[in-house]
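Remember, it's a predicted structure, so these values are computed and weren't measured experimentally.
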Amino acid sequence: MNLLEPWVLLRVVAGLVTTLFFARAAMTAQKVLRNFDVRRATEGQLALEKQIELASTFVRVGSIMQVLALALTVLGADRLSRGVRGAMCAYGVFGANEWGFRSLAVTGAVACAAGVLGQIYAFDGRVRTLDLARPLAALTLITFPLTVIDLVLVAKFFGALDLSVVASCCSVRLDPIASAGEVFTSGPRRLATLLAVIGVALSIGVALFAARSPTKVRLAAFGAVSLLSLPAALAASVLEVAPHVFEVPHHVCPFCLLRSDAYAIGYPLFGALFLAVVWAVGAAASAVLSRSAAARDALAAFARPRVLGSAVAWALALALGVLPVARYAIISGGASLFR
């Protein structure tokens, strides 16, 4: 039974804990939307305010657990690939049934959403009033069913995973596509790389600009630029970075970047991209929700370290992407890998 596999069990438990935490927070959230009124000072209102504080803790811990669930999903698939014939990396495990890549995509999306929501709750903790109670309650109620969907898809994926079959590795499915010169991921390699470099550079520049004076407009612009830069950065990681790491022009597997023979460069690379976007969008969303005087007063102190942290994460991702390309240029005497 797949549930007896340690990595599978850890992933399912992480998803279950996340769902339970958000379920508990959603119970308070629906009460807030129905009964909360900051102008009242009744016993019921005071009791609800205490419940809001508890729900905030549940959401913030649940957000961390969801991000951990994303890491466990990838780690688990990578470890399982060693026991599945034909699966050289996590790609073969995710491709073993129809739910694999669907589950991974949903887990990643929910992790980003939960991470941003956790950032907004962290901002709410700095605001002296409870003006963000209703918007946060609505966002919590939206996020809760997403964690349920994620848990269901993970259960379907691991439940349908047959560890005794022969899987197809990334070199069987991806390499022929790339070697044939077909469009892969989000566009041709040169275009994806160019857009990624421009997007990352622009994100860092806007971050430094926003950090000087974290206004609503600047923070919103930074969040939008970072979010738009993410697809190009991911595409360049697959189309440009991966081939240079393995010194094979048509090997475009992101999961192979997590292996020890690639110095596990995928973990800091994709981790930096994740943090850069979550911090940027978290600061931007907090700025958009800052409508009261108390929220606006707390915004600068909250947003500035997030914006600067995001800029550092973008810079780290850029450096990690450039490093394999520069290394190959040195050892090859400046020759192009794709000729």
Side-chain angles (χ1 to χ4, degrees), residues 38 52-53 56-57 59-60 63-64 67 109 111-140 142-143 194-234 236 268-322:
V38 73
I52 291 174
E53 294 180 8
S56 173
T57 302
V59 170
R60 295 174 70 172
S63 298
I64 295 173
V67 175
C112 288
V116 171
L117 182 58
Q119 291 295 302
I120 302 174
Y121 266 99
F123 171 60
D124 180 60
R126 291 172 173 257
V127 180
R128 296 190 305 271
T129 61
L130 293 173
D131 299 300
L132 297 179
R134 284 185 172 276
L136 282 173
L139 291 173
T140 301
I142 293 173
T143 307
L194 178 62
L195 291 177
V197 172
I198 293 175
V200 172
L202 187 59
S203 295
I204 295 174
V206 177
L208 297 177
F209 178 67
R212 295 180 58 186
S213 179
T215 63
K216 276 189 177 184
V217 175
R218 294 186 180 188
L219 291 173
F222 174 52
V225 170
S226 294
L227 195 59
L228 291 174
S229 300
L230 180 61
L234 291 173
L269 174 59
F270 296 127
L273 291 175
F274 179 85
L275 287 177
V277 172
V278 167
W279 280 335
V281 177
S286 299
V288 171
L289 295 175
S290 299
R291 298 179 179 179
S292 67
R296 290 192 295 269
D297 292 340
L299 180 61
F302 169 81
R304 185 173 286 112
R306 267 76 179 177
V307 170
L308 293 176
S310 180
V312 172
W314 277 121
L316 175 61
L318 180 61
L320 289 170
V322 169

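Atoms CD1 and OG, from I198 and S229 in turn, are 10.0 Å apart once rounded to the nearest 0.5 Å. Separation of atoms CG (D124) and CD (E53) is listed at 9.5 Å; rounding is to 0.5 Å. To the nearest 0.5 Å, atom CD1 of residue I204 and atom CG of residue L308 are 12.0 Å apart. For the atom pair CG (L289) and NZ (K216), the distance works out to 8.5 Å, reported to the nearest 0.5 Å. With rounding to the nearest 0.5 Å, the separation of OG1 in T143 from CG in L117 is 4.5 Å. Separation of atoms CG (L219) and CG (L299) is listed at 5.5 Å; rounding is to 0.5 Å.
Annotation for G321 and L269: closest pair N-CD1, 4.5 Å, computed over non-hydrogen atoms. Shortest non-hydrogen contact noted between S226 and A280 is OG-CB, 3.4 Å. Among all heavy-atom pairs drawn from S63 and A114, the shortest one is OG-O, 2.9 Å. Nearest heavy atom pair, residue L273 against residue A233, reads CD2-CB, 3.8 Å. Here the closest non-hydrogen pair linking A221 and V206 is C-CG1, 4.3 Å. Of all non-hydrogen atoms in V116 and A285, the two that sit nearest each other are CG1-CB, 4.4 Å.
Judged purely by atom type and a 3.5 angstrom limit, S310 has no side-chain atom pairing as donor or acceptor with the backbone of R306. Between the S203 side chain and the G199 main chain, a donor and an acceptor come within less than 3.5 Å of each other. Side-chain atoms of R60 never come within 3.5 Å of backbone atoms of G118 as a donor-acceptor pair (strictly under, hydrogens ignored). Using a distance-only test at 3.5 Å, with no hydrogens or angles considered, a donor-acceptor pair links the side chain of R218 to the main chain of F209.
Scanning for side-chain contact (heavy atoms from CB on, under 4.5 Å) contacts around L195 gives L191, A232, with sequence neighbours left out.
Contacts classified as ring-ring contact (aromatic ring centres under 6.0 Å, His included) and involving residues 273-316 (residues at least two apart or in different chains) are given here: F123-F302.
For T140 and Y121, the side-chain atoms include at least one donor-acceptor pair closer than 3.5 Å.
By the neighbour-count criterion of 12 heavy atoms within 6.0 Å, atom CZ of R291 is sparsely surrounded, having that number or fewer from other residues, nucleotides or ligands.
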